[in-house]
Amino acid sequence: MLPRARLVALAARANQSALADKLLKGNPLAARRVRETMRAFDSADLGQRRRLTDYLTARIINQARRAGYGRSFGPDYETWPILTKKRVRDASGDFTAGAPLRIPASTGGTSGIPLALWRSPASLAAEQLFLDRIIEGSGRTWSGSRVVCLRGSQVKSLDDWAPPFGIETHRGQRLVFSTPHLAPETLSWFFDKLEAFRPELMWIWPTAAATLLQLNRRGRRLRMPLVVSSSEQLMP
(Lines give C-alpha, C1' and ligand atoms only; values in the text may rest on other atoms or scores of the structure.)
Protein backbone atom coordinates (compact mmCIF):
# COMPACT_ATOMS: atom_id res chain seq x y z
CA MET A 1 0.00 0.00 0.00
CA LEU A 2 1.22 3.53 -0.73
CA PRO A 3 2.39 5.61 2.26
CA ARG A 4 -0.34 7.68 3.87
CA ALA A 5 1.34 10.96 2.86
CA ARG A 6 1.22 9.93 -0.80
CA LEU A 7 -2.42 8.85 -0.53
CA VAL A 8 -3.33 12.10 1.21
CA ALA A 9 -1.82 14.04 -1.69
CA LEU A 10 -3.75 11.95 -4.22
CA ALA A 11 -6.99 12.39 -2.28
CA ALA A 12 -6.46 16.15 -2.09
CA ARG A 13 -6.07 16.31 -5.87
CA ALA A 14 -9.21 14.19 -6.29
CA ASN A 15 -11.15 16.70 -4.17
CA GLN A 16 -10.30 19.39 -6.72
CA SER A 17 -11.15 17.36 -9.83
CA ALA A 18 -14.73 16.82 -10.95
CA LEU A 19 -13.81 13.62 -12.84
CA ALA A 20 -11.75 12.13 -10.01
CA ASP A 21 -14.44 13.06 -7.51
CA LYS A 22 -17.10 11.35 -9.60
CA LEU A 23 -15.01 8.21 -10.06
CA LEU A 24 -14.26 8.01 -6.35
CA LYS A 25 -17.73 8.77 -4.96
CA GLY A 26 -19.82 7.43 -7.82
CA ASN A 27 -18.13 4.04 -8.03
CA PRO A 28 -20.99 1.82 -9.27
CA LEU A 29 -19.61 -1.36 -7.73
CA ALA A 30 -19.23 0.21 -4.29
CA ALA A 31 -22.56 2.00 -4.53
CA ARG A 32 -24.65 -0.97 -5.66
CA ARG A 33 -24.83 -2.75 -2.30
CA VAL A 34 -25.49 0.51 -0.47
CA ARG A 35 -28.29 1.43 -2.87
CA GLU A 36 -29.85 -2.04 -2.48
CA THR A 37 -29.78 -1.68 1.32
CA MET A 38 -31.41 1.74 1.13
CA ARG A 39 -34.17 0.37 -1.09
CA ALA A 40 -34.73 -2.57 1.26
CA PHE A 41 -35.07 -0.22 4.23
CA ASP A 42 -37.46 2.09 2.35
CA SER A 43 -39.80 -0.77 1.44
CA ALA A 44 -39.68 -2.50 4.85
CA ASP A 45 -42.24 -2.37 7.64
CA LEU A 46 -41.21 -1.59 11.22
CA GLY A 47 -40.34 -5.18 12.13
CA GLN A 48 -38.31 -5.66 8.96
CA ARG A 49 -36.46 -2.40 9.59
CA ARG A 50 -35.54 -3.54 13.08
CA ARG A 51 -34.22 -6.85 11.76
CA LEU A 52 -32.27 -5.08 9.01
CA THR A 53 -30.82 -2.67 11.56
CA ASP A 54 -29.78 -5.55 13.82
CA TYR A 55 -28.16 -7.31 10.88
CA LEU A 56 -26.23 -4.22 9.78
CA THR A 57 -25.15 -3.49 13.37
CA ALA A 58 -23.84 -7.05 13.75
CA ARG A 59 -21.91 -6.68 10.50
CA ILE A 60 -20.33 -3.45 11.71
CA ILE A 61 -19.34 -5.02 15.03
CA ASN A 62 -17.84 -8.06 13.30
CA GLN A 63 -15.82 -5.76 11.08
CA ALA A 64 -14.70 -3.69 14.07
CA ARG A 65 -13.57 -6.83 15.90
CA ARG A 66 -11.17 -7.56 13.04
CA ALA A 67 -9.27 -4.36 13.79
CA GLY A 68 -6.50 -4.29 16.36
CA TYR A 69 -8.53 -2.26 18.82
CA GLY A 70 -11.64 -4.43 18.66
CA ARG A 71 -10.10 -7.88 18.92
CA SER A 72 -10.40 -8.00 22.70
CA PHE A 73 -14.10 -7.15 22.76
CA GLY A 74 -17.18 -9.28 22.29
CA PRO A 75 -20.15 -9.00 19.88
CA ASP A 76 -22.28 -6.91 22.28
CA TYR A 77 -21.25 -3.34 21.53
CA GLU A 78 -22.90 -2.05 24.70
CA THR A 79 -20.10 -3.71 26.71
CA TRP A 80 -17.40 -1.83 24.78
CA PRO A 81 -15.76 1.11 26.59
CA ILE A 82 -16.36 4.65 25.35
CA LEU A 83 -13.72 5.41 22.74
CA THR A 84 -11.87 8.70 23.15
CA LYS A 85 -10.57 10.85 20.34
CA LYS A 86 -7.12 10.82 21.92
CA ARG A 87 -7.03 7.02 21.61
CA VAL A 88 -7.83 7.22 17.91
CA ARG A 89 -5.38 10.04 17.31
CA ASP A 90 -2.51 8.27 19.06
CA ALA A 91 -2.89 4.99 17.16
CA SER A 92 -5.19 5.32 14.16
CA GLY A 93 -3.75 2.13 12.68
CA ASP A 94 -5.45 0.11 15.42
CA PHE A 95 -8.82 0.94 13.86
CA THR A 96 -8.39 -0.42 10.33
CA ALA A 97 -9.68 -3.84 9.40
CA GLY A 98 -7.43 -4.77 6.50
CA ALA A 99 -9.51 -3.39 3.62
CA PRO A 100 -7.71 -3.81 0.28
CA LEU A 101 -8.14 -0.12 -0.56
CA ARG A 102 -8.04 2.63 2.05
CA ILE A 103 -8.66 6.28 1.29
CA PRO A 104 -7.22 8.85 3.71
CA ALA A 105 -9.56 11.30 5.38
CA SER A 106 -9.70 13.47 8.48
CA THR A 107 -12.15 15.16 10.78
CA GLY A 108 -12.26 18.94 10.92
CA GLY A 109 -11.22 19.27 14.55
CA THR A 110 -14.01 21.67 15.55
CA SER A 111 -14.29 19.87 18.91
CA GLY A 112 -10.59 20.19 19.61
CA ILE A 113 -8.81 17.15 18.18
CA PRO A 114 -8.64 16.62 14.38
CA LEU A 115 -8.29 12.92 13.58
CA ALA A 116 -6.54 11.20 10.70
CA LEU A 117 -8.77 8.40 9.42
CA TRP A 118 -9.07 5.83 6.66
CA ARG A 119 -12.21 5.27 4.58
CA SER A 120 -13.33 2.51 2.25
CA PRO A 121 -14.68 3.14 -1.28
CA ALA A 122 -18.07 1.87 -0.07
CA SER A 123 -18.21 4.50 2.68
CA LEU A 124 -17.51 7.28 0.17
CA ALA A 125 -20.18 5.94 -2.16
CA ALA A 126 -22.66 5.66 0.71
CA GLU A 127 -22.01 9.23 1.80
CA GLN A 128 -22.66 10.50 -1.72
CA LEU A 129 -25.86 8.48 -2.03
CA PHE A 130 -27.18 9.94 1.22
CA LEU A 131 -26.22 13.45 0.12
CA ASP A 132 -28.02 12.84 -3.17
CA ARG A 133 -31.10 11.76 -1.26
CA ILE A 134 -31.10 14.90 0.89
CA ILE A 135 -31.57 17.17 -2.13
CA GLU A 136 -33.94 14.89 -4.03
CA GLY A 137 -36.91 16.86 -5.27
CA SER A 138 -35.04 20.17 -5.24
CA GLY A 139 -34.38 20.03 -8.96
CA ARG A 140 -30.63 20.21 -8.31
CA THR A 141 -27.75 17.77 -8.21
CA TRP A 142 -24.35 17.94 -6.57
CA SER A 143 -22.51 17.44 -9.84
CA GLY A 144 -24.64 19.86 -11.84
CA SER A 145 -24.88 22.76 -9.38
CA ARG A 146 -22.57 25.58 -8.43
CA VAL A 147 -21.68 24.55 -4.88
CA VAL A 148 -20.04 26.62 -2.17
CA CYS A 149 -18.46 24.74 0.75
CA LEU A 150 -18.02 26.36 4.13
CA ARG A 151 -17.06 23.39 6.24
CA GLY A 152 -13.72 22.17 7.61
CA SER A 153 -11.42 23.20 4.80
CA GLN A 154 -8.34 25.32 5.41
CA VAL A 155 -6.96 26.32 2.03
CA LYS A 156 -4.07 28.41 3.34
CA SER A 157 -1.93 28.94 6.42
CA LEU A 158 -3.53 30.58 9.43
CA ASP A 159 -0.56 32.94 9.41
CA ASP A 160 -1.71 34.30 6.05
CA TRP A 161 -4.60 36.76 6.33
CA ALA A 162 -4.32 38.27 2.88
CA PRO A 163 -7.06 37.33 0.38
CA PRO A 164 -8.06 35.11 -1.30
CA PHE A 165 -9.58 32.85 1.36
CA GLY A 166 -11.01 30.25 -0.99
CA ILE A 167 -10.32 28.25 -4.12
CA GLU A 168 -12.49 27.20 -7.04
CA THR A 169 -12.40 23.50 -7.94
CA HIS A 170 -14.33 21.09 -10.15
CA ARG A 171 -13.73 23.27 -13.20
CA GLY A 172 -15.13 26.32 -11.51
CA GLN A 173 -18.31 24.63 -10.30
CA ARG A 174 -17.27 24.48 -6.65
CA LEU A 175 -16.02 27.20 -4.32
CA VAL A 176 -14.22 25.93 -1.21
CA PHE A 177 -13.76 28.52 1.52
CA SER A 178 -11.12 28.45 4.22
CA THR A 179 -13.47 28.34 7.18
CA PRO A 180 -10.88 29.27 9.86
CA HIS A 181 -10.32 32.55 8.00
CA LEU A 182 -13.94 33.67 8.41
CA ALA A 183 -13.61 36.70 10.71
CA PRO A 184 -14.94 40.27 11.04
CA GLU A 185 -12.08 41.69 8.98
CA THR A 186 -12.54 39.16 6.16
CA LEU A 187 -16.35 39.05 6.04
CA SER A 188 -16.67 41.56 3.19
CA TRP A 189 -14.33 39.47 1.05
CA PHE A 190 -16.41 36.34 1.71
CA PHE A 191 -19.66 38.09 0.74
CA ASP A 192 -18.15 39.69 -2.35
CA LYS A 193 -16.87 36.29 -3.48
CA LEU A 194 -20.24 34.64 -2.82
CA GLU A 195 -22.04 37.29 -4.83
CA ALA A 196 -19.63 36.89 -7.73
CA PHE A 197 -19.76 33.09 -7.64
CA ARG A 198 -23.59 32.93 -7.60
CA PRO A 199 -23.92 29.58 -5.79
CA GLU A 200 -26.96 27.38 -6.25
CA LEU A 201 -26.20 25.17 -3.26
CA MET A 202 -24.37 25.88 -0.02
CA TRP A 203 -22.86 22.97 1.93
CA ILE A 204 -22.05 24.28 5.38
CA TRP A 205 -21.27 23.28 8.94
CA PRO A 206 -23.77 24.64 11.49
CA THR A 207 -20.96 26.33 13.43
CA ALA A 208 -19.79 28.04 10.24
CA ALA A 209 -23.36 29.12 9.48
CA ALA A 210 -23.69 30.57 12.99
CA THR A 211 -20.40 32.44 12.59
CA LEU A 212 -21.46 33.81 9.21
CA LEU A 213 -24.77 35.05 10.61
CA GLN A 214 -23.26 36.51 13.78
CA LEU A 215 -20.61 38.41 11.82
CA ASN A 216 -23.11 39.76 9.32
CA ARG A 217 -24.10 42.74 11.44
CA ARG A 218 -24.51 44.96 8.39
CA GLY A 219 -27.29 42.68 7.19
CA ARG A 220 -25.95 42.01 3.70
CA ARG A 221 -28.41 39.83 1.82
CA LEU A 222 -27.47 36.87 -0.30
CA ARG A 223 -29.64 34.64 -2.47
CA MET A 224 -29.01 31.00 -1.64
CA PRO A 225 -31.50 28.64 -3.33
CA LEU A 226 -30.53 25.57 -1.29
CA VAL A 227 -28.56 25.08 1.93
CA VAL A 228 -27.41 21.70 3.23
CA SER A 229 -26.15 21.80 6.80
CA SER A 230 -24.55 18.65 8.20
CA SER A 231 -21.99 17.02 10.50
CA GLU A 232 -22.93 19.01 13.60
CA GLN A 233 -26.05 19.94 15.52
CA LEU A 234 -27.96 22.79 13.92
CA MET A 235 -29.03 25.13 16.70
CA PRO A 236 -32.30 27.13 16.51
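- Taking the six-membered ring where the residue is Trp, His181 and Trp161 present tilted rings, their angle falling between 30° and 60°.
- The pair Arg49-Asp45 does not meet the salt-bridge criterion, since no charged nitrogen lies less than 4.0 angstrom from a carboxylate oxygen.
- By the 4.0 Å N-to-carboxylate-O rule, Glu195 lies too far from Arg223 to be salt-bridged with it.
- Atom CG in Leu131 sits 12.5 Å away from atom OG1 in Thr141 (nearest 0.5 Å).
- Annotation: the span from Arg59 atom CZ to Gln63 atom CD amounts to 8.5 Å, rounded to 0.5 Å.
- Trp189 is connected to Ile204 through a chain of hydrophobic side-chain contacts under 4.5 Å among Ile, Leu, Val, Met, Phe, Trp and Tyr, so both are in one cluster.
- For the side-chain contact (heavy atoms from CB on, under 4.5 Å) criterion with Leu175, the lone passing option out of His170, Arg146, Met202, Lys193 is Lys193.
- The OG1 atom of Thr79 sits 4.5 Å away from the CG atom of Asp76 when rounded to the nearest 0.5 Å.
- Salt-bridge check for Glu200 with Arg140: passed, with a basic side-chain N closer than 4.0 Å to an acidic carboxylate O.
- Panel note: side chain Trp142, backbone Val147; no donor-acceptor pair is recorded below 3.5 Å.
- In this structure, the ring of Phe177 has its center less than 6.0 angstrom from the ring center of Phe190.
- To the nearest 0.5 Å, atoms NZ (Lys156) and CZ (Phe165) are separated by 5.5 Å.
- In this structure, Tyr77 OH and Arg65 CZ are separated by 15.0 Å, a value rounded to the nearest 0.5 Å.
- Between Arg133 and Asp42 there is a salt bridge, since a side-chain N of the basic residue sits under 4.0 Å from a carboxylate O of the acidic one.
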From CA spacing to verdict: side-chain hydrogen bond (donor to acceptor under 3.5 Å, both in side chains), Trp203, Ser230: CA-CA 8 Å; Trp203 192 18; Ser230 68; 3.2 Å; yes
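- Between Lys85 and Asp90, no side-chain nitrogen of the basic residue sits less than 4.0 Å from a carboxylate oxygen of the acidic one, so the salt-bridge criterion is not met.
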Worked check of side-chain hydrogen bond (donor to acceptor under 3.5 Å, both in side chains) between Thr207 and Glu232: CA-CA 8 Å; Thr207 49; Glu232 300 169 334; 2.8 Å; yes
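- Val34 and Leu56 sit in two unconnected hydrophobic clusters of ILVMFWY residues. Membership requires side-chain heavy atoms under 4.5 Å apart, directly or through other members.
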Test log, rule side-chain hydrogen bond (donor to acceptor under 3.5 Å, both in side chains), inputs Ser231 and Arg151: CA-CA 9 Å; Ser231 306; Arg151 292 170 55 83; 3.0 Å; yes
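- Distance CG/Leu52 to OG1/Thr37: 6.5 Å, rounded to 0.5 Å.
- Tyr69 does not carry Arg87 over the face of its six-membered ring by the limits of under 6.0 Å from the centre and within 45° of the normal.
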